[in-house]
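Being a predicted model, the structure only gives us computed values, none of them experimental. If you read the sequence from its start, that first residue is 1, and numbering goes on from there. Side chains are part of it too, since the values below use all heavy atoms of this structure and drop only hydrogens, waters and symmetry mates. Indexing begins at 1, ligand by ligand and atom by atom, following the structure's order.
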Amino acid sequence: MQSMVILISGRGSNMQALLEAGLPVAAVISNNPAAEGLAFSRAHGIPTHAIDHRAFSGREAFDSALAEIIDTYQPDLVALAGFMRILSESFVNHYQGRLINIHPSLLPAFSGLDTHVRALQEGVKIHGCTVHFVTPKLDHGPIIIQAAVPVLADDTPATLAARVLAQEHRIYPQAANWFLQGQLTLAENRVETGIACDGQKVLYSPGITS
Ligand code: GRF
């Protein structure tokens, strides 16, 4: 039986979407004991851990304690869902090819923080979200699926974030499900979904909406 572990730091709405999609979540782990999302996973009987990064001497020490908990579950997939910690290269390499993240922009545009504010400042007409494999370079791993939303004239960061978040909740379960079904293959920097499109395999994400 395939399984996944989810890492969160706060609200946990993407974690909730993954759980509600019926994915085989073995555990939820947060670096923040006060993360709002922990109550939801606990209430749903999912083994839930809080491991406070502030109790560790440094990034490597925290990351290896985190990996120790994750590895007790022997998950096929580790999903970062609003996990607000930069992970060390050794951690990322340990989970190479089975560590995914959701980012609230159409990567490679707007990597990093405050994506919705920056999208509005730049005047982009289309914004969105991306699920990608995690590599040591922040927000730069191979892209699995993206969803696009229009940017409206009267958008604020909050209204734009809400529009993007609704798409996050749609594409993250889709990506995790593809992975766990063995439908994703990595070919250099491209992710093949193996989903037929007009009888042919596609190398772009079929999840783009307009
Ligand atoms: C989401 O926008 C996600 O893309 C980003 O952090 C936010 C987390 O939200 N990485 P939530 O905790 O899943 O509600």
Side-chain angles (χ1 to χ4, degrees), residues 4-23 25 27-44 46 48-53 66 77-87 91-92 95 99-121 124 126-151 155-177 179 191 205 207-209:
M4 64 187 287
V5 165
I6 305 175
L7 306 188
I8 67 169
S9 294
R11 180 177 56 185
S13 69
N14 278 288
M15 170 209 70
Q16 190 172 330
L18 291 163
L19 285 168
E20 287 174 344
L23 289 159
V25 178
V28 169
I29 306 172
S30 177
N31 66 304
N32 170 18
E36 304 93 298
L38 294 174
F40 185 90
S41 56
R42 282 198 190 103
H44 286 74
I46 307 293
T48 299
H49 303 259
I51 169 172
D52 192 339
H53 63 276
L66 177 62
L77 177 66
V78 178
L80 308 179
F83 188 67
M84 302 303 287
R85 295 271 311 162
I86 292 177
L87 292 160
F91 182 97
V92 172
Y95 296 103
L99 180 61
I100 62 174
N101 181 45
I102 182 136
H103 182 77
S105 78
L106 291 172
L107 290 173
F110 308 119
S111 60
L113 298 173
D114 300 324
T115 56
H116 309 305
V117 171
R118 288 156 57 213
L120 290 174
Q121 279 168 353
V124 298
I126 292 173
H127 188 43
C129 48
T130 302
V131 180
H132 64 97
F133 282 103
V134 176
T135 58
K137 193 172 174 195
L138 188 70
D139 297 334
H140 270 83
I143 291 171
I144 299 167
I145 184 171
Q146 294 183 301
V149 301
V151 179
D155 263 334
T156 64
T159 60
L160 183 54
R163 193 173 309 119
V164 171
L165 192 65
Q167 294 302 314
E168 295 185 38
H169 296 164
R170 189 176 67 80
I171 67 169
Y172 212 9
Q174 173 71 82
N177 193 39
F179 182 95
V191 178
S205 160
I208 294 179
T209 58

For ligand 1, run through the N/O pairs with the protein that fall under 3.5 Å and put one pair on each line.
unit_1	atom_1	unit_2	atom_2	d
ligand 1	2 (O)	E168	OE1	3.1
ligand 1	2 (O)	E168	OE2	3.0
ligand 1	4 (O)	I102	O	3.4
ligand 1	4 (O)	E168	OE1	2.6
ligand 1	4 (O)	E168	OE2	3.4
ligand 1	9 (O)	R11	NH2	3.1
ligand 1	10 (N)	I102	O	3.1
ligand 1	12 (O)	G12	N	2.8
ligand 1	13 (O)	S13	N	3.3
ligand 1	13 (O)	N14	N	2.9
ligand 1	13 (O)	N14	ND2	2.9
ligand 1	14 (O)	R11	NE	2.5
ligand 1	14 (O)	R11	NH2	3.1
ligand 1	14 (O)	S13	N	2.8
ligand 1	14 (O)	S13	OG	2.5

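Note on ring orientation: taking the six-membered ring where Trp is involved, the planes of F40 and H44 are parallel (angle under 30°, cut-offs 30° and 60°).
For H132 and H103, the side-chain atoms include no donor-acceptor pair closer than 3.5 Å. Between N32 and S9, the side chains place no donor N or O within less than 3.5 Å of an acceptor N or O (distance only, hydrogens not considered).
Of the possible donor and acceptor atoms, one in the side chain of R118 sits under 3.5 Å from a partner among the backbone N and O of S111. Between the side chain of D139 and the main chain of G112, a donor-acceptor pair closer than 3.5 Å is present.
Partners of A166 according to the side-chain contact (heavy atoms from CB on, under 4.5 Å) rule, which considers only residues two or more places apart in sequence or in another chain, do not exist here.
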